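Both backbone and side-chain heavy atoms feed into the values below; hydrogens, waters and symmetry mates do not. Numbering starts at 1 and runs along the sequence shown. Quick caveat: nothing in here was measured; it's all calculated off a predicted structure.
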Amino acid sequence: MFNPQLTVFVSVVDCGSFTKAAESLFISPTAVMKQINSLEKHLEISDLYGETLMMVAEGDSGVNDFIRNDLNRNHPAIQIEDTPHFYDISVFNRCAETNNVLLTLECWKRYIQPSSQFQ
């Protein structure tokens, strides 16, 4: 079964950027972003059970610390590994090499509502 969101996601991972993925798929970078956003909206927290989630190190971000604590408390089936505060291609490559998952905070908004001090 063809899934355009997964096709775009794999292309982004293979190419290392949205722009290069767009070029390889003969679509616009905006279309790539829309497909990735659509994929993120369909992810469920249970999809991450048994996976390793890469997050910035504890203490680097109040919002991330809040999410990390919530995951440790309510979703112990999700392992957490620290990554540098700023993501670069090496972080994405490490995710690909280790089969770890790296998600942006935008993905978590529908699961966790941190207090206003972090917004």
TODO: Mind checking side chain to side chain donor-acceptor pair (under 3.5 Å) for N74 and listing every partner two or more places apart, or none if nothing turns up?
DONE: D70
Task: Residues which pass side chain to side chain donor-acceptor pair (under 3.5 Å) with T19, listed by chain and number, not counting sequence neighbours - done: none
Open item on the list: Under the side-chain hydrogen bond (donor to acceptor under 3.5 Å, both in side chains) definition, can you give me all pairs with a residue in residues 22-32, not counting sequence neighbours?
Closed with: S11-S24
Open item on the list: Could you work out, with side chain to side chain contact (heavy atoms under 4.5 Å, CB included) as the rule, every residue matching K20, not counting sequence neighbours?
Closed with: C15, S17
Task: Side-chain touch M55/L71, heavy atoms, less than 4.5 angstrom - done: yes
Task: Residue list, side chain to side chain contact (heavy atoms under 4.5 Å, CB included) with F18, at least two apart or on another chain - done: V12, V32, M33, I36
Open item on the list: List the residues meeting side chain to side chain contact (heavy atoms under 4.5 Å, CB included) with A77, not counting sequence neighbours, and say none if there are none.
Closed with: Y49
TODO: State, with a plain yes or no, whether a side-chain heavy atom of I80 is found less than 4.5 Å away from one of E58.
DONE: no
- [ ] Go through the side-chain N and O atoms of Q5 and S38 and say whether any donor and acceptor fall under 3.5 Å apart.
- [x] yes
TODO: Over all heavy atoms of both residues, which pair between Q79 and P76 is shortest? Give the atoms and the distance, please.
DONE: NE2-O, 3.5 Å
- [ ] Could you tell me the separation between the CD1 atom of I78 and the CG atom of N72, rounded to the nearest 0.5 Å?
- [x] 9.5 Å
